[in-house]
Amino acid sequence: MKIENGEIAALLLRVADLLEIQGANPFRVRAYRNAARTVEASGEPIRDLVDAGEDLSALPAIGDDLAKQITELVKTGKLARLEEIERAVPPSLAELTHIGGLGPKRAQRLWKELGIETVDALEQAARAGKLATLEGFGAKTEAKILKGIEELRAHRARTRLSDADTIVAPLVQYLKDFKGVKSVDVAGSFRRRRETVGDLDLLAIAAKPAAVIRHFTKYRRVKDVDLAGDTRATVRLDSGLQVDLRVLEPASYGAALLYFTGSKAHNVKLRNRAIDAGYRLSEYGLFRVKKGAKEPKRDVTSGTRVAGKTEEEVYAKLGLPWIPPEMREDRGEIEAATRNKLPRLITVDDLRGDLQMHTTWSDGQNSLDEMISACAERGYEYCAITDHSKALAITGGMDAKALARQQRELADVVERHPEIHVFRSMEIDILKDGALDLADAAIETLDIVLVAIHSHFDLPAAQQTKRILEAVTSGKVHILAHPTGRLINRREPYPFDMEAVLHAAKEYGVAVEINAHPERLDLDDVHAMRARELGVTLVIDTDAHSTSDLDLIHYGVEQARRAWVEPKDVLNTLPLDALIRRLHGQPPKAPSGIRSKRR
DNA sequence: GCCGTTTTCGGCCCGACTGTTTTCAGTCG
């Protein structure tokens with residue numbers, strides 16, 4: 001059984017949920033959640049580490065006990081600890097805590113006092129008015145639980161980052177237009193540029209917080225107001241997206257921005273660092289605390305505030321350089337910052353060209369001339385035209401004859417565009433058996449060979465891996481495009497051995513794509529980070545199907561930044577002549593070799 | 001259950017808001 005990191009993490013989280021309902025030591029519960037995070041964030045399959053006999057307790061948040069448990073899980077597919085707990089607590093109780101407003105304590109009481117074990121049973125009891133008979137439960141709680149069940153059933157997916165971008169812009173403007181509002185920022189996973197966001201965290205500076213909160217709850221797209229206090233409110237928009245707003249003072253704005261940007265794991269580590277240095281860190285600032293002073297109820301701004309106006313100030317007081325939001329996931333960035341070894345993250349300006357785009361020769365909306373002009377307008381030194389091959393008939397994919405015709409037109413078009421170098425390329429399908437969907441003779445007319453899978457997503461993992469490796473090691477290929485085939489919130493990645501493919505890409509000098517399209521973002525941040533660790537060259541491109549799609553490039557760059565990618569890791573940061581030399585020298589193991597014919 | 005240039009034991013992040021409490025627990029982020 002080949003267990004994936006995601007499955008291991010899910011089981012650890014399940015143990016945590018059930019332990020919590022049992023009323024276990026909260027720090028023990030946290031330990032399981034922390035370990036789950038480590039597993040989830042590992043680009044390398046944990047099963048490979050186990051197979052290699054490596055010591056898992058070397059990983060952060062995993063000690064001797066969890067190392068043993070995870071090893072057992074990988075080897076046997078079973079987790080004795082979980083089975084033990086599931087004998088004591090009905091497993092279905094874990095789902096109850098996923099209902100908004102219902103946590104482990106009350107789930108336990110519902111079970112023990114009313115015998116409720118499932119969401120269905122809970123709904124029945126709530127409708128029958130039985131919940132309100134419980135000490136501490138009232139009519140409002142009952143109504144809130146019913147609403148929470150409804151939302152759980154609606155099973156709302158996380159919102160794609162690009163969708164969040166379009167929702168955020170008018171809302172931020174609405175708040176900024178309100179009298180007395182000095183600034184509005186979006187924090188949270190949105191600011192960290194995660195591929196999806198669960199909710200939006202807005203921060204504002206304003207003279208009269210309560211008035212801003214009221215204004216916020218009256219935004220035309222607000223469907224429900226979950227809570228609204230003097231400085232904070234939570235609403236749900238008609239799109240289903242939850243939005244939190246906090247209104248703050250300038251003196252604590254940086255601390256709040258830091259705090260609400262997260263991630264939670266990054267914050268916890270920073271707070272511990274603050275404590276070690278004799279401070280208290282909260283969203284109100286960094287405060288010097290007197291030794292031993294631990295009054296039970298204190299003013300949140302008591303003590304001496306030593307930083308808080310800006311993020312830079314807070315990091316500096318903690319002995320750290322400012323850390324870019326995309327890196328704040330507790331994947332070693334605080335340690336790197338401590339040693340002053342933060343990477344110089346790639347930016348959009350580092351890219352000198354876009355190496356995947358489509359035209360009317362297959363399924364693109366714009367002509368060769370329009371796409372090339374648009375690339376030139378964006379200041380690129382080069383671009384590559386990568387229309388589909390014939391196997392993808394629905395896109396009007398080209399065979400060798402069509403490719404030849406396209407190249408004749410392209411020769412004319414490039415004459416008119418001396419300001420940009422155009423690579424002859426093609427997005428060639430990897431067929432079911434791993435062969436490429438274009439004859440070798442035609443492949444040899446290409447400057448860049450880009451390959452991808454668009455069919456037979458449901459092959460067994462071993463066969464899918466073999467298929468991809470066949471292409472990657474063929475000696476004909478420069479770029480492996482959207483390697484997993486996933487579409488965010490729509491299609492899961494097809495199963496295959498990513499680790500094997502990345503090793504092969506490294507060996508054969510094949511660049512692996514971070515597809516910038518906000519629906520793909522493929523590779524994702526975790527795999528891109530793994531690729532970078534292995535020394536695999538990445539390429540960031542848009543897969544544009546229209547000229548306006550070229551502007552989506554920043555999504556790819558943002559994911560790359562989350563993977564700590566530097567300019568040197570990316571093929572299309574190379575100047576034109578260096579890129580051409582590189583293409584000539586590649587693939588290193590080419591049996592017959594493909595040669596770039598143009599300079 | 002993890003972790004350790006003060007510790008192998010004793011710590012483990014901080015605050016807002018709600019509901020049903022007459023002083024606070026539970027939940028959330």
Side-chain angles (χ1 to χ4, degrees), chain A residues 12 15-16 19-21 23-38 56-70 81 96-110 131-132 134-145 148 187-189 197-203 209 213 225-234 242-248 252 255-256 258-276 278-287 289 294 296-303 330:
Chain A
L12 293 174
V15 173
L19 276 176
E20 203 170 30
I21 293 168
N25 177 348
F27 300 107
R28 191 173 160 222
V29 174
R30 187 190 296 174
Y32 278 91
R33 299 220 164 105
N34 289 342
R37 268 202 70 252
T38 294
L56 297 183
S57 68
L59 296 171
I62 293 177
D64 289 342
D65 183 82
L66 277 166
K68 241 185 240 162
Q69 290 195 57
I70 295 170
R81 190 71 49 92
L96 295 193
T97 65
H98 300 153
I99 296 168
L102 197 54
K105 298 277 167 60
R106 297 209 279 203
Q108 187 197 48
R109 291 192 49 212
L110 289 168
L131 300 191
L134 248 54
E135 184 92 3
F137 284 68
K140 285 196 175 178
T141 302
E142 204 165 65
K144 195 173 175 185
I145 284 175
S189 46
V197 301
D199 61 10
L200 289 174
D201 295 286
L202 268 49
L203 302 184
I213 293 294
V225 178
D226 285 356
L227 61 88
D230 290 339
T231 63
R232 175 179 166 189
T234 297
Q242 178 182 312
V243 187
D244 293 349
L245 172 68
R246 278 103 173 165
V247 186
L248 300 128
S252 58
L258 177 62
Y259 181 77
F260 290 111
T261 296
S263 66
K264 188 172 178 145
H266 180 86
N267 286 347
V268 167
K269 204 157 245 185
L270 277 188
R271 282 227 190 92
N272 286 327
R273 194 181 173 90
I275 291 167
D276 289 347
Y279 297 116
R280 177 181 92 243
L281 178 60
S282 76
E283 60 263 50
Y284 293 101
L286 187 67
F287 298 88
V289 290
K294 209 176 181 184
K297 184 93 179 175
R298 72 196 157 205
D299 181 358
V300 292
T301 54
S302 73
D330 188 25

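In what follows, every chain begins at residue 1, and chains take the letters A, B, ... in the order their sequences are listed.
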Identify whether any heavy atom of [X] sits under 4.0 Å from a base atom; if not, whether one sits that close to sugar-phosphate; answer base, sugar-phosphate or nothing.
| X | value |
| --- | --- |
| A/Lys264 | base |
| A/Ala228 | sugar-phosphate |
| A/Asn272 | sugar-phosphate |
| A/Gly188 | nothing |
| A/Pro26 | nothing |
| A/Ile99 | sugar-phosphate |
| A/Ala255 | nothing |

Over how many whole Å does the gap from [X] atom [atom1] to [N] atom [atom2] extend?
| X | N | atom1 | atom2 | result |
| --- | --- | --- | --- | --- |
| A/Leu56 | B/dC3 | CG | P | 12 Å |
| A/Leu248 | B/dA16 | CG | P | 10 Å |
| A/Arg28 | B/dG10 | CZ | C1' | 17 Å |
| A/Glu135 | B/dT21 | CD | P | 6 Å |
| A/Lys105 | B/dG26 | NZ | P | 5 Å |
| A/Ile275 | B/dC12 | CD1 | P | 7 Å |
| A/Ile145 | B/dT27 | CD1 | C1' | 12 Å |
| A/Leu59 | B/dG1 | CG | P | 18 Å |

Note to self: With nearest nucleotide decided by heavy atoms, which residue, A/Leu227 or A/Leu102, maps closer to the 5′ end of DNA chain B?
What the structure shows: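 Nearer the 5' end of the strand: A/Leu227.
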
Note to self: Between A/Ala233 and A/Asp276, which residue's closest nucleotide on DNA chain B lies nearer the 5′ terminus?
What the structure shows: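 Looking at DNA chain B, the more 5' nearest nucleotide goes with A/Asp276.
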
Nearest-nucleotide pick for [X], side chain only, options being [options]:
| X | options | value |
| --- | --- | --- |
| A/Arg280 | B/dG15, B/dT20, B/dG29 | B/dG15 |
| A/Asp65 | B/dG1, B/dC12, B/dG29 | B/dG1 |
| A/Ser282 | B/dC12, B/dC2, B/dC14 | B/dC14 |
| A/Phe27 | B/dG29, B/dT27, B/dG1 | B/dG1 |
| A/Thr141 | B/dG15, B/dT20, B/dG1 | B/dT20 |
| A/Asn25 | B/dC12, B/dG19, B/dG26 | B/dC12 |
| A/Thr231 | B/dC17, B/dT20, B/dC14 | B/dC17 |
| A/Asp244 | B/dG29, B/dT27, B/dC12 | B/dG29 |
| A/Tyr284 | B/dG26, B/dA16, B/dC14 | B/dA16 |
| A/Tyr259 | B/dT27, B/dC14, B/dC17 | B/dC14 |

Take atom [atom1] in [N] and the same atom in [M], then report the distance between them in whole Å.
| N | M | atom1 | value |
| --- | --- | --- | --- |
| B/dG11 | B/dT6 | C1' | 13 Å |
| B/dG26 | B/dT21 | P | 14 Å |
| B/dC2 | B/dT7 | C1' | 14 Å |
| B/dT27 | B/dT20 | C1' | 15 Å |
| B/dT22 | B/dG29 | P | 28 Å |
| B/dT8 | B/dC3 | C1' | 10 Å |

Notebook entry, point to check: In the structure shown, which nucleotide is the Watson-Crick or G-U wobble counterpart of B/dC3, with both distances under 3.5 Å?
Noted result: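 Base partner found: B/dG10.
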
Tell me if a side-chain donor or acceptor on [X] pairs with a main-chain N or O of [Y] at a distance below 3.5 Å.
| X | Y | answer |
| --- | --- | --- |
| A/Glu142 | A/Leu131 | yes |
| A/Arg109 | A/Glu135 | yes |
| A/Arg106 | A/Gly101 | yes |

Notebook entry, point to check: Side chains of A/Val15 and A/Gln69: closer than 4.5 Å at any heavy-atom pair?
Noted result: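 Contact flag for A/Val15/A/Gln69 side chains = no.
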
Next item on the list: Could you check if a side-chain atom of A/Ile213 sits within less than 4.5 angstrom of a side-chain atom of A/Asp230, using non-hydrogen atoms only?
Entry: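 Result no, sub-4.5 Å side-chain heavy-atom pair not found.
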
Check: Does A/Arg106 place a side-chain N or O at less than 4.0 Å from the phosphate oxygens OP1/OP2 of B/dT27?
Finding: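 Answer yes for this pair, as a side-chain N or O of A/Arg106 is under 4.0 Å from OP1 or OP2.
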
Checklist line | Short side-chain N/O contact to B/dG1 OP1/OP2 from A/Arg81, under 4.0 Å | finding: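 It does, given that an N or O in the side chain of A/Arg81 lies less than 4.0 Å from OP1 or OP2 of B/dG1.
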
Next item on the list: Indicate yes or no: does A/Glu20 engage A/Arg33 in a salt bridge with an N to O separation below 4.0 Å.
Entry: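 Yes, charged N to carboxylate O under 4.0 Å.
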
Note to self: Under a 4.0 Å threshold between the charged nitrogen and the carboxylate oxygen, would A/Asp65 count as salt-bridged to A/Arg28?
What the structure shows: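 Looking at A/Asp65 together with A/Arg28, the answer is no, because their closest N to O distance does not fall below 4.0 Å.
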
Notebook entry, point to check: Should A/Arg246 and A/Asp201 be marked as a salt bridge (charged side-chain N to carboxylate O under 4.0 Å, His left out) after you check the CA-CA gap, both sets of side-chain angles, and the distance that decides it?
Noted result: CA-CA 8 Å; A/Arg246 278 103 173 165; A/Asp201 295 286; 3.2 Å; yes

